[in-house]
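The structure appears right after this line, and notes come after that.
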There are 2 protein chains.
Amino acid sequence: MTEGENSKPERISEAEHAVMEALWEHSPLTATEVCDRVCETRGWSLATVKTLLSRLVTKQAVAAQADGRRFLYSPAMARVDYVDGESRRLVDRLFGGRPATLFAHLAEQEALSERDIAEIEALLKEIRS
Amino acid sequence: MTEGENSKPERISEAEHAVMEALWEHSPLTATEVCDRVCETRGWSLATVKTLLSRLVTKQAVAAQADGRRFLYSPAMARVDYVDGESRRLVDRLFGGRPATLFAHLAEQEALSERDIAEIEALLKEIRS
DNA sequence: GCTTCATGTTTACAAACGTAGTCGCTATGA
DNA sequence: TCATAGCGACTACGTTTGTAAACATGAAGC
């Protein structure tokens, strides 16, 4: 077998994640456009966004498509996969891999709003059907 | 006002967290005892544990009580607080602060076992009573 | 008293991260 | 054609993290 694209899913840092969110929300975007969407809130300069984008390209989490002399950036990984990975990491690390334990913790800490509880109930009903 | 113990809750890294888990499970422990409990699984040397312990002491996440020549280390923060902080961070960052969205995600990804579902149902029933 | 063991302190050092400046190229308008 | 603005690439640099070795010092046995 010719090696193939054996890319281990390099970890995305917190700052990088903010850029990913922008791209997940809308893509493709140029570096400047990404900056328009995140620089204000994060207090970043365009240079910072450029650095993060190239690191994300290296990590193959973002794809850069040439458009003249610039690039159009798009996510190269689905948000759901990222979210799933992070969620599982947390559940594994802190709740022994048991989502129910996380849920119990949230309940105990009163972190669940009435609305949360209602929605979860509805979801459970759906699962059961 | 005299400044007081204005300690912002310094972030605990992943490696440090492993040490915390050992201490939460049983404390106080000496550095060697902590190593006995984690070095094998993590493939660490005693030196590594010593470094992590002192960093944790600096971060005020661990308290060191002198015992003759050596120290007995104990957690200086409750596990539940740590777990709660991490959980909320995740929910905020990835699920817009809505635990129900996290739950929906888990359900969609089929990350919930029959046992998880049953336990969550039971918890909900309890909450409702 | 001297060697040795245990233990905390200091120092090390590479990789990852956060944040950003500078360089070089090119399309573009004057 | 020449200055210019826009943009990616390269470089930079302090901090945090992971991992550990070297050092100092006191206790304990011989």
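The structure displayed is predicted, hence computed values, not measured ones. Letters A, B, ... mirror the listed sequences (proteins, then strands); counts begin at 1. Just so you know, these numbers use all the heavy atoms, side chains as well, and skip hydrogens, waters and symmetry mates.
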Just do the side-chain contact (heavy atoms from CB on, under 4.5 Å) check on B/Val83 and A/His105 with the steps written out, would you?
CA-CA 9 Å; B/Val83 166; A/His105 170 85; 3.7 Å; yes
Side chain of [X] (C-beta onward), nearest among [options]:
X: B/Thr51; options: D/dA21, D/dC7, C/dG18; answer: D/dA21
X: A/Tyr73; options: C/dG21, D/dG8, D/dT17; answer: D/dG8
X: B/Ser45; options: C/dG8, D/dA20, D/dG8; answer: D/dA20
X: B/Ala15; options: D/dG18, D/dA20, C/dA20; answer: D/dG18
X: B/Lys50; options: C/dA20, D/dG18, C/dG8; answer: C/dG8

Please state how far atom [atom1] in [X] lies from atom [atom2] in [N], giving the value in whole angstrom units.
X: B/Arg70; N: C/dT7; atom1: CZ; atom2: P; answer: 6 Å
X: B/Ile12; N: D/dT17; atom1: CD1; atom2: P; answer: 10 Å
X: A/Glu14; N: D/dT17; atom1: CD; atom2: C1'; answer: 16 Å
X: B/Leu56; N: C/dG8; atom1: CG; atom2: C1'; answer: 15 Å
X: B/Phe71; N: C/dA6; atom1: CZ; atom2: P; answer: 19 Å
X: B/Asp36; N: C/dT7; atom1: CG; atom2: C1'; answer: 14 Å
X: A/Trp44; N: C/dA20; atom1: CH2; atom2: P; answer: 9 Å
X: A/Leu46; N: C/dG21; atom1: CG; atom2: C1'; answer: 12 Å

Is it the case that [N] (base atoms only) and [X] (side chain only) share a donor and an acceptor within less than 3.5 Å, ignoring hydrogens and angles?
X: A/Arg55; N: C/dT19; answer: yes
X: A/Arg42; N: C/dG18; answer: no
X: A/Arg11; N: D/dT17; answer: no

Phosphate OP1/OP2 of D/dT17: any B/Lys59 side-chain N/O under 4.0 Å
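Answer is yes, contact under 4.0 Å.
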Under 4.0 Å from OP1 or OP2 of D/dA9: is there any side-chain N or O of A/Ser54 that close?
no
Find the distance between OG1 (B/Thr32) and NZ (B/Lys50) and round it off to the nearest 0.5 Å.
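Output value for this atom pair is 7.5 Å.
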So, A/Arg55 and A/Glu10, do they make that salt bridge, N to O below 4.0 Å?
no
For the pair B/Glu86 and B/Arg11, find out whether any cationic side-chain nitrogen is under 4.0 Å from an anionic carboxylate oxygen.
yes
Donor + acceptor pair across side chains of A/Ser87, A/Asp84 (<3.5 Å):
no
Check nucleotides 25-27 of chain C for protein N or O atoms closer than 3.5 Å to its own N or O atoms and list the pairs.
none

Expected output: side-chain [X] to main-chain [Y] donor-acceptor under 3.5 Å:
X: A/Asp67; Y: A/Leu72; result: no
X: A/Thr101; Y: A/Gly97; result: no
X: A/Lys59; Y: A/Ile12; result: no

Between the first and last five pairs of the helix from C/dG1-D/dC30 to C/dA30-D/dT1, the angle of the axes, rounded to 10 degrees:
30°
Please step through side-chain contact (heavy atoms from CB on, under 4.5 Å) for the pair A/Phe71 and A/Gln65, ending with a clear verdict.
CA-CA 5 Å; A/Phe71 283 123; A/Gln65 173 195 5; 5.9 Å; no
Counting neighbours of CD on B/Gln109 that are heavy atoms of other residues, nucleotides or ligands and sit closer than 6.0 Å, is the number greater than 12?
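Yes - once you tally the heavy atoms of other residues, nucleotides and ligands closer than 6.0 Å, there are more than 12.
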Looking across every strand, which nucleic acid part, if any, lies under 4.0 Å from A/Ala31 by heavy atom: base, sugar-phosphate, or nothing?
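Sugar-phosphate only.
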Please classify the nucleic acid contact of A/Thr32 as base, sugar-phosphate, or nothing, using heavy-atom distances under 4.0 Å.
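It contacts sugar-phosphate atoms only.
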Decide yes or no for B/Cys39 and B/Val49: does some side-chain heavy atom of the first lie under 4.5 Å from some side-chain heavy atom of the second?
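Yes, side chains in contact.
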Contact residues, residues 85-97 of chain A to DNA chain C [heavy atom, < 4.0 Å]
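Per residue number, the list is empty: none.
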side-chain contact (heavy atoms from CB on, under 4.5 Å) assessment of A/Arg37 paired with A/Glu21:
CA-CA 10 Å; A/Arg37 289 161 181 257; A/Glu21 285 294 344; over 6 Å; no
For the pair B/Tyr82 and B/His17, name the ring-plane relationship: parallel under 30°, tilted 30 to 60°, perpendicular over 60°.
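The arrangement is parallel - the two ring planes meet at less than 30°.
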